[in-house]
Amino acid sequence: MPILPKEGVVKELAPEPGDFRKAMGSFAAGVTVVTVCHEGRLVGTTVSAFSSVSLDPPLVMVCLKRDSRTLAALSQARTFCVNILSVEQGDLAHRFARSGADDRFALTAVEAGVCGAPVLAGCAAAVECELHAAHDGGDHEILVGRVLRVVVDEAKAPLVYVRGGFLNA
Ligand SMILES: Cc1cc2nc3c(=O)[nH]c(=O)nc-3n(C[C@H](O)[C@H](O)[C@H](O)COP(=O)(O)O)c2cc1C
């Protein structure tokens, strides 16, 4: 017999925001920097909300806050690269998450990928995409990318983020 929620109860229930964050933070995630080249300008930010979606066609998704400058650039450029960080790139993850006017790309070697989005040097992998679809995700936007090319460096161990910190970084 299926277990159904009690009538009328579920709608009223909502976790405390702090508890919700703690629960979600218990799910270990990789760390990426989503990069875009828009009107000749390099833009990018740190994103852990990244997942594969489909193998055929190859689709991935990232979630970006609605006020993200990277989201604004990505929506215009319609191509992006998901750079999957290696364990040595914890500082880079922090740099690309800081708000303010500092040049996030200043200390990092980049090359232009097949779709023009910057591919960062030293990553465990990179996934180059064109925008396939965008969906409402509450205070975030869910961006689905169709994968055009991947680069993998198996010698680099991926960076892992869990409970507010990086593992082995
Ligand atoms: C480990 C880590 C993971 C993050 N994951 C996300 C994410 O999945 N989505 C998001 O919108 N912001 C995420 N952020 C926060 C953004 O990097 C941060 O708000 C940044 O300043 C946004 O920059 P932008 O407005 O230039 O795009 C994360 C930050 C850190 C340190």
Side-chain angles (χ1 to χ4, degrees), residues 15 17-54 59-108 110 112-113 115-147 150 156-169:
D19 292 341
F20 180 54
R21 276 204 201 91
K22 273 189 204 160
M24 294 303 106
S26 303
F27 184 65
V31 187
T32 77
V33 168
V34 174
T35 51
V36 177
C37 181
H38 178 47
E39 294 177 342
R41 204 167 50 92
L42 303 187
V43 180
T45 197
T46 305
V47 169
S48 59
F50 166 63
S51 175
S52 74
V53 172
S54 162
L59 300 175
V60 295
M61 53 141 264
V62 293
C63 300
L64 286 172
K65 288 192 292 188
R66 292 209 174 278
D67 63 358
S68 158
R69 291 172 300 175
T70 308
L71 172 61
L74 194 162
S75 305
Q76 295 288 314
R78 301 188 67 83
T79 56
F80 59 101
C81 180
V82 185
N83 298 273
I84 299 173
L85 301 190
S86 66
V87 74
E88 297 108 39
Q89 292 178 308
D91 288 350
L92 191 147
H94 286 306
R95 181 154 26 94
F96 275 82
R98 263 197 298 271
S99 55
D102 57 325
D103 182 359
R104 293 173 177 172
F105 288 86
L107 302 173
T108 311
V110 295
C115 62
V119 179
L120 305 182
C123 291
V127 181
E128 296 174 67
C129 306
E130 68 178 356
L131 187 59
H132 174 79
H135 301 288
D136 176 25
D139 58 9
H140 283 56
E141 184 86 351
I142 302 165
L143 303 150
V144 179
R146 188 188 168 100
V147 179
V150 295
K156 300 275 185 202
L159 185 61
V160 176
Y161 184 67
V162 66
R163 295 199 162 153
F166 299 129
L167 284 189
N168 307 320

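We count ligands from 1, going down the list as the structure has it; atoms in each ligand are counted the same way.
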Over 60° means perpendicular and under 30° means parallel, so tell me whether Phe105 and Phe96 are parallel, tilted or perpendicular.
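Ring orientation, 0 to 90° scale: perpendicular.
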
For the residue pair Ala77 and Val36, what are the closest heavy atoms and their distance?
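For Ala77 versus Val36, the nearest heavy atoms are CB-CG1, 3.5 Å.
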
Between the candidates [options], which shows the shortest non-hydrogen contact distance to [atom]?
atom: atom 19 (O) of ligand 1; options: Arg98, Arg66, Lys65, Arg95; answer: Lys65
atom: atom 12 (N) of ligand 1; options: Thr46, Thr45, Leu64; answer: Thr46
atom: atom 10 (C) of ligand 1; options: Cys63, Gly164, Ser68, Ala72; answer: Cys63

Top protein contact for [atom], by heavy-atom distance:
atom: atom 25 (O) of ligand 1; result: Arg69 N, 2.8 Å
atom: atom 8 (O) of ligand 1; result: Ala49 N, 2.9 Å
atom: atom 5 (N) of ligand 1; result: Ser48 N, 3.0 Å
atom: atom 18 (C) of ligand 1; result: Ala97 O, 3.4 Å

Nearest 0.5 Å, please: how far is CD1 in Ile84 from CG in Leu120?
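If I round to the nearest 0.5 Å, the distance is 11.5 Å.
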
Let me confirm one number: the NE2-CE distance from His135 to Met61, rounded to the nearest 0.5 Å.
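Atom-to-atom, His135:NE2 and Met61:CE are 10.0 Å apart.
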
Crowded around Arg66 CZ? As in, over 12 foreign heavy atoms under 6.0 Å?
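Check passes, neighbour count above 12.
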
For the residue pair Glu39 and Gln76, establish whether any side-chain heavy-atom pair is separated by less than 4.5 Å.
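Contact flag for Glu39/Gln76 side chains = no.
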
State, yes or no, whether a side-chain contact exists between Ile142 and Cys63 at a heavy-atom distance under 4.5 Å.
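Answer yes - side chains close enough.
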
Could you say whether the N/O atoms of [X] and ligand 1 ever approach to under 3.5 Å?
X: Arg104; answer: yes
X: His94; answer: no
X: Val31; answer: no

Report, in ascending order of atom number, the atoms of ligand 1 lying under 4.0 Å from any heavy atom of Tyr161.
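The atoms of ligand 1 under 4.0 Å from a heavy atom of Tyr161 are 1 (C).
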
Answer yes when Glu130 and Arg78 have at least one side-chain N-carboxylate O distance shorter than 4.0 Å, and no when they do not.
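No, no charged N to carboxylate O under 4.0 Å.
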
